[in-house]
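Below is one structure, written out as structure tokens; the observations come after it.
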Amino acid sequence: MKKDIHVVGAVIIDNGRILCAKRGMEKSLPGLWEFPGGKIEQGETPQESLRREIQEEMHCEVEIGEQVEHTSYEYDFGIVHLQTYYCKLTKGTPVLTEHTEIKWLAAHELPSLDWAPADIPAIEKLAATFAN
């Protein structure tokens with residue numbers, strides 16, 4: 001039986017653009033794009049986890065808004081349950097620590113990147129939401 005991995009991702013929007021982060025080559029899913037975030041630790045709410053992960057990974061702080069999407073995707077290493085949330089930067093500028101690259105893209109540009117499969121439903125929802 002595959003293990004369940006509960007993770008959160010931040011859809012950080014600034015000046016109408018969304019932050020995209022490219023996974024490091026030493027990580028699982030190397031070189032794929034994702035929303036920054038990480039595993040939910042024991043006893044944390046998704047929002048607490050997301051706040052901590054963004055602080056650790058990107059050295060900045062965010063205000064967390066409503067949920068964008070909740071996706072489950074089965075990889076060979078386990079089943080990832082990803083909750084993405086709209087976020088707004090409140091302090092600092094994102095810094096590369098675990099990712100190899102970041103880009104700020106308009107919602108309609110998001111599908112141009114090679115995303116981790118669990119992130120794709122959120123990408124589709126964002127592209128549709130901001131198409132109007």
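Partners of Ile102 according to the side-chain contact (heavy atoms from CB on, under 4.5 Å) rule, which considers only residues two or more places apart in sequence or in another chain, are Leu19, Ala21, Met58, Pro94, Leu96. Under the side chain to side chain donor-acceptor pair (under 3.5 Å) criterion, Tyr85 pairs with Gln67, Gln83, not counting sequence neighbours. Contacts of Arg52 classified as side chain to side chain donor-acceptor pair (under 3.5 Å), with partners at least two apart in sequence or in another chain: Glu44, Glu56. Partners of Glu69 by side-chain contact (heavy atoms from CB on, under 4.5 Å), not counting sequence neighbours, listed by chain and number: Thr71, Thr84, Pro121, Ala122, Lys125. Contacts of Asp76 classified as side chain to side chain donor-acceptor pair (under 3.5 Å), with partners at least two apart in sequence or in another chain: none. Under the side-chain contact (heavy atoms from CB on, under 4.5 Å) criterion, Thr93 pairs with no residue at all, not counting sequence neighbours. Taking the side-chain contact (heavy atoms from CB on, under 4.5 Å) definition, one finds that Glu61 meets it with Gln55, Thr90, Lys91, sequence neighbours left out. By the ring-ring contact (aromatic ring centres under 6.0 Å, His included) test, Trp33 is found to be paired with no residue, residues two or more places apart in sequence or in another chain being considered. In this view, His81 and His6 satisfy the ring-ring contact (aromatic ring centres under 6.0 Å, His included) rule, not counting sequence neighbours.
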Q: For side chain to side chain contact (heavy atoms under 4.5 Å, CB included), just list the numbers for Leu113 and Leu105, CA-CA rounded to whole Å, side-chain angles, deciding distance to a tenth of an Å, and then say yes or no.
A: CA-CA 10 Å; Leu113 299 178; Leu105 298 178; 3.5 Å; yes
Q) Please walk me through it: do Tyr86 and Ile18 pass side chain to side chain contact (heavy atoms under 4.5 Å, CB included)? A) CA-CA 10 Å; Tyr86 287 110; Ile18 299 168; over 6 Å; no
Q | Working for side chain to side chain contact (heavy atoms under 4.5 Å, CB included), residues Ile54 and Cys87 | A | CA-CA 10 Å; Ile54 296 303; Cys87 294; 5.9 Å; no
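Within the model, atoms CD of Glu48 and CD1 of Ile40 stand 10.5 Å from one another, a figure rounded to the nearest 0.5 Å. Atom CG of residue Asp119 and atom CD of residue Glu124 lie 11.5 Å apart, to the nearest 0.5 angstrom. Note that CD1 of Ile64 and CG of Leu50 are 4.5 Å apart. Values are rounded to the nearest 0.5 Å. We find the CD-CD1 distance between Glu109 and Ile123 to be 12.0 Å, quoted to the nearest 0.5 Å. Here OG1 of Thr100 is found 7.5 Å from CE of Met25. Values are rounded to the nearest 0.5 Å.
Residue Pro36 comes nearest to Glu57 through the heavy atom pair CB-OE1, 3.9 Å, listed as atom of the first residue, atom of the second, then distance.
Within 6.0 Å of NZ on Lys39 lie no more than 12 heavy atoms contributed by other residues, nucleotides or ligands.
Chaining together hydrophobic side chains whose heavy atoms lie under 4.5 Å apart places Val7 alongside Ile5, Leu29, Leu32, Tyr73, Tyr75, Phe77, Val80, Leu82. Side-chain heavy-atom separations under 4.5 angstrom define the hydrophobic clusters, and Ile79 shares its cluster with no other residue.
The salt bridge (Lys or Arg N to Asp or Glu O under 4.0 Å) analysis of residues 18-38, with sequence neighbours excluded, yields the pairs Arg23-Glu34, Lys27-Glu98.
The same ILVMFWY cluster, assembled from side-chain heavy atoms under 4.5 Å apart, contains both Phe35 and Phe130. Taking hydrophobic clusters as Ile, Leu, Val, Met, Phe, Trp and Tyr residues chained together by side-chain heavy-atom distances below 4.5 Å, Ile12 does not share a cluster with Val68.
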